[in-house]
Number of protein chains: 2
Amino acid sequence: MLVSTRGRYAIRIVLELSSREKGERVSLSELSKKQEISLKYAETIVALLVKAGLLDGQRGKRGGYRLTRDANEISVGEILIITEDSLSPVACLDCKPNQCERASSCKTLPMWEKLDDLIKSYLFSITIADLN
Amino acid sequence: MLVSTRGRYAIRIVLELSSREKGERVSLSELSKKQEISLKYAETIVALLVKAGLLDGQRGKRGGYRLTRDANEISVGEILIITEDSLSPVACLDCKPNQCERASSCKTLPMWEKLDDLIKSYLFSITIADLN
DNA sequence: CATTTTCCTACCTTGTCAATAGGTTGGAAA
DNA sequence: TTTCCAACCTATTGACAAGGTAGGAAAATG
């Protein structure tokens, strides 16, 4: 499988945030209830998104999270790159330049590279605004 | 990651077989040496391919494996479907009809379905003959 | 009958996914 | 200024799959 729950939950959380008034802060407890994701697990996912600058969080009463950008400027691919360890269809594409000893003579490498391209261009072409 | 070593090794083994004289039997010890895959691991992979009817094996002296079809009639996708537990980009696409409770209202499902389509059409369009 | 090779069953180790637990810090309202 | 809320931080856990091993049984051939 290419995309784990972490990435899929992340998309859902961003999607939920994008459906709110722009700039409105939403608490994680509300987000996790709405999306039926455990609060604790959602915490770990949201932390990644904040660290990447996609969300910003404010503590204290009436605190919560909000998007730092418009929904049409956030692609699904971007969210997945943040939350998934890898989006590549095969491991050997992860470290550039390619570390595999047989890379130079590998008959399948061009195929994997094309597939990787296909997948990533598709996922980066779709924005959160497209989904809502 | 979408494709594990099992699937990739399987492709390499079929590729190696396709480079031989048609109908020639090749022992697994030779195949595994040529492709630098441990004999024992190669056994488990080849067993899947035999069970699926893509290879046939003969025991005893001068035994070995050979393809049951021409290389231009074997697609990469077919090999991967046999060797990988799943080729889907997300888990919810694996059991049809979709078991996910939120499927009917899921805003991302159409996207995953299109991605799945994209990946599978690509992999099924490439044959072993194309790679050699 | 000895050798070669496939075939079969079981096991092991490692790492990641998915999720939980418990606490600390910061901010705002009462 | 106290209280409460909510984000933040640092482990830890259980389940499962990936990746690979081990040992032997069955069949074919010379």
Side-chain angles (χ1 to χ4, degrees), chain A residues 1-10 12-13 17 24-68 80 83-92 94, chain B residues 1-10 12-13 17 24-68 80 83-92 94:
Chain A
M1 194 191 332
L2 193 67
V3 179
S4 64
T5 58
R6 204 163 65 220
R8 281 179 282 139
Y9 288 0
R12 277 162 54 188
I13 288 170
L17 276 171
E24 178 191 352
R25 293 199 179 273
V26 188
S27 78
L28 197 54
S29 69
E30 187 184 338
L31 283 173
S32 69
K33 261 174 214 147
K34 269 268 164 69
Q35 288 296 324
E36 300 173 278
I37 302 168
S38 100
L39 176 63
K40 282 299 184 181
Y41 193 29
E43 269 186 16
T44 63
I45 293 166
V46 161
L48 296 170
L49 299 175
V50 169
K51 199 175 136 201
L54 206 65
L55 265 55
D56 95 299
Q58 180 153 19
R59 309 198 215 197
K61 252 174 186 162
R62 318 253 325 139
Y65 296 97
R66 70 180 175 197
L67 299 178
T68 58
L80 295 179
T83 49
E84 300 289 322
D85 288 332
S86 162
L87 259 189
S88 305
V90 292
C92 63
D94 278 330
Chain B
M1 193 191 332
L2 194 67
V3 179
S4 64
T5 58
R6 204 162 68 220
R8 280 179 283 140
Y9 287 0
R12 277 163 53 187
I13 288 169
L17 276 171
E24 179 191 351
R25 294 198 178 274
V26 187
S27 78
L28 197 54
S29 69
E30 187 183 338
L31 284 172
S32 70
K33 260 174 216 148
K34 268 268 163 68
Q35 289 297 323
E36 298 173 279
I37 303 167
S38 98
L39 176 65
K40 281 302 185 180
Y41 194 29
E43 271 186 15
T44 64
I45 294 167
V46 161
L48 295 168
L49 299 175
V50 169
K51 199 174 133 201
L54 205 66
L55 264 55
D56 95 297
Q58 179 153 20
R59 308 196 215 197
K61 255 174 186 164
R62 316 248 333 135
Y65 296 97
R66 68 179 176 198
L67 299 178
T68 58
L80 294 178
T83 49
E84 300 289 321
D85 288 332
S86 163
L87 259 189
S88 305
V90 292
C92 64
D94 278 332

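Naming: A, B, ... by sequence-line order, numbering from 1 per chain.
Between the side chain of B:Arg59 and the base of D:dA26 there is at least one donor-acceptor pair of N/O atoms closer than 3.5 Å. Side chain A:Lys40 to base C:dG22: a donor-acceptor pair is found below 3.5 Å.
Taking 4.5 Å as the limit, some side-chain heavy atom of A:Leu17 sits within range of a side-chain heavy atom of A:Leu55.
For B:Ser38, a side-chain nitrogen or oxygen approaches OP1 or OP2 of D:dT21 to under 4.0 Å. Close to D:dA18, at under 4.0 Å from its OP1 or OP2, lies no side-chain N or O of B:Ser4. For C:dA19, one of the phosphate oxygens OP1 or OP2 lies less than 4.0 angstrom from a side-chain nitrogen or oxygen of A:Tyr9. Under 4.0 angstrom from either OP1 or OP2 of C:dC7 there lies no side-chain N or O belonging to B:Gln58.
B:Leu2 has its CG atom 17 Å from the C1' atom of C:dT16, to the nearest Å. Straight-line distance from the CE atom of A:Met1 to the C1' atom of C:dT16: 12 Å, rounded to whole Å. If you take CZ of B:Arg62 and P of D:dG30, they are 8 Å apart, rounded to a whole angstrom. For the pair B:Leu39 CG and D:dG24 P, the interatomic distance rounds to 16 Å; values are reported in whole Å. Per the geometry, CZ belonging to B:Arg25 stands 16 Å off P belonging to D:dA27, to the nearest Å. Spacing between atom CD1 of A:Ile45 and atom C1' of C:dA18 amounts to 9 Å, rounded to whole angstrom units. Summarising the geometry, the separation between CG on B:Leu28 and P on C:dC7 is reported as 9 Å, rounded to the nearest angstrom. Regarding A:Lys61, its NZ atom lies at a distance of 11 Å from the P atom of D:dT3, rounded to whole Å.
Taking OG of B:Ser27 as the start and NZ of B:Lys33 as the end, the distance is 7.5 Å to the nearest 0.5 Å.
Minimum interatomic distance between A:Gly57 and A:Arg25 (heavy atoms only, all atoms of both residues): C-NH1, 4.0 Å.
Between the side chains of A:Thr68 and A:Asp56, no donor-acceptor pair is found at a separation under 3.5 Å.
Comparing B:Glu43 and B:Glu84 along DNA chain D, the residue whose closest nucleotide (by nearest heavy atom) sits nearer the 5' end is B:Glu84. Closest-nucleotide positions on DNA chain C for A:Arg6 and A:Gly60 were compared, and the one nearer the 5' end corresponds to A:Arg6.
Of the candidates C:dC17, D:dA7, D:dC8, C:dC17 carries the atom nearest the A:Asp85 side chain, counting heavy atoms from C-beta on. The B:Tyr41 side chain lies nearest to D:dT21 when the options are C:dA28, C:dC7, D:dT21. Candidate nucleotides D:dT29, D:dG20, D:dC5 were compared by shortest atom distance to the side chain of B:Thr5, and D:dG20 ranks first.
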Query - Verdict with supporting geometry, A:Tyr65 and A:Val26, side chain to side chain contact (heavy atoms under 4.5 Å, CB included) - result: CA-CA 5 Å; A:Tyr65 296 97; A:Val26 188; 5.9 Å; no

